[in-house]
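Data first, discussion second: the structure below is written as structure tokens.
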Amino acid sequence: MCIIGRAKRGRPSIYFPEYADQAAKLFRLGATDAEIADFFGKHERTINRWKTDQLGFCQALKDGKLISDMDWPTGCASAPLASNTRRPRPHKLKPVEYKDGKRLKETDRLEIVMVKRVLPPDTTACIFWLKSRRKVEWRE
């Protein structure tokens, strides 16, 4: 809101056209408005002001969010495939020596073994994301 006869308060916002492309790329990666503001070193209110004042910025954000939102259903479907990892884990081994059926000696040894770890998809996170970002298409 601008009052006639008075100067605007605060420092003028510095906006560069290349901010639109950078913000769109960040939104494609799933960034939020607060993370975008942090990236540019601005306050979240400044980002919201740019959305209303700069049409190119607003459209770039919408396009970036749309691409990110379209990737979510695919990502949720392929989550079991993407979450297979191999990690090192220590395992305790106890080799036992026998002679004539009698136990002679038992030793403890620690070995690092690569173990395949499968994480199930977080379907609740997928549902929450789609319901909050794509309300019309994913409502109940």
Side-chain angles (χ1 to χ4, degrees):
M1 185 170 110
C2 183
I3 301 172
I4 299 173
R6 279 193 177 171
K8 288 185 178 181
R9 292 182 185 208
R11 184 183 312 168
S13 169
I14 298 173
Y15 174 80
F16 297 106
E18 58 268 13
Y19 285 178
D21 293 333
Q22 294 172 344
K25 288 176 185 175
L26 290 170
F27 268 121
R28 280 185 210 125
L29 297 172
T32 62
D33 286 351
E35 291 167 338
I36 298 284
D38 186 49
F39 175 79
F40 290 123
K42 306 291 183 189
H43 195 277
E44 196 171 349
R45 282 180 274 165
T46 304
I47 301 300
N48 291 332
R49 192 173 319 115
W50 288 352
K51 286 180 193 178
T52 59
D53 295 346
Q54 309 294 333
L55 295 177
F57 186 77
C58 183
Q59 189 59 44
L61 296 187
K62 286 180 181 179
D63 294 344
K65 283 183 178 182
L66 181 66
I67 291 169
S68 174
D69 294 343
M70 292 303 165
D71 288 343
W72 260 90
T74 307
C76 289
S78 66
L81 301 175
S83 63
N84 293 340
T85 59
R86 296 180 60 83
R87 296 180 186 234
R89 281 194 85 179
H91 281 277
K92 188 174 184 179
L93 302 173
K94 290 186 174 191
V96 180
E97 292 182 30
Y98 291 96
K99 185 175 180 184
D100 298 328
K102 292 185 180 180
R103 182 185 231 169
L104 288 180
K105 149 170 105 165
E106 181 178 316
T107 56
D108 289 347
R109 153 179 99 172
L110 192 64
E111 235 178 67
I112 305 296
V113 180
M114 294 301 285
V115 177
K116 184 178 178 180
R117 185 174 176 200
V118 179
L119 297 173
D122 191 354
T123 53
T124 306
C126 293
I127 291 168
F128 179 75
W129 175 277
L130 292 168
K131 281 185 177 183
S132 62
R133 292 280 294 261
R134 307 298 298 171
K135 293 175 184 159
V136 174
E137 293 90 359
W138 293 93
R139 67 174 179 227
E140 290 183 18

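Here the rule is ring-ring contact (aromatic ring centres under 6.0 Å, His included) with Y19, and of F57, F40, F39 only F40 fits it.
There is no side-chain donor-acceptor pair under 3.5 Å between E44 and N48.
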Worked check of side-chain contact (heavy atoms from CB on, under 4.5 Å) between K62 and F27: CA-CA 9 Å; K62 286 180 181 179; F27 268 121; over 6 Å; no

Residue pair R103, V96: steps toward the side-chain contact (heavy atoms from CB on, under 4.5 Å) verdict: CA-CA 7 Å; R103 182 185 231 169; V96 180; 3.5 Å; yes

Check against side-chain contact (heavy atoms from CB on, under 4.5 Å), V115 and R86: CA-CA 5 Å; V115 177; R86 296 180 60 83; over 6 Å; no

Trace of the side-chain contact (heavy atoms from CB on, under 4.5 Å) decision for D33 with K51: CA-CA 11 Å; D33 286 351; K51 286 180 193 178; 2.6 Å; yes

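Contact between A20 and G56 at its shortest, heavy atoms only, is CB-O, 4.0 Å. Of all heavy-atom pairs between A23 and I36, the closest is O-CD1, 3.8 Å. Pairing each heavy atom of A60 with each of A24, the nearest pair is O-CB, 3.4 Å.
Here the OG1-CD1 distance, from T52 to I47, works out to 11.5 Å after rounding to the nearest 0.5 Å. Put simply, CD on E106 and OH on Y98 are 8.0 Å apart, with the number rounded to the nearest 0.5 Å. With rounding to the nearest 0.5 angstrom, the NZ atom of K99 is 10.5 Å from the NZ atom of K102.
Side-chain atoms of L26 and E35, non-hydrogen and from C-beta on, never get closer than 4.5 Å to each other.
A salt bridge links R109 with E111: at least one charged nitrogen is closer than 4.0 Å to a carboxylate oxygen.
Hydrophobic cluster membership differs between L55 and L61, with clusters built from Ile, Leu, Val, Met, Phe, Trp and Tyr side chains linked at under 4.5 angstrom.
Other residues, nucleotides and ligands contribute over 12 non-hydrogen atoms within 6.0 Å of the CG atom of L104.
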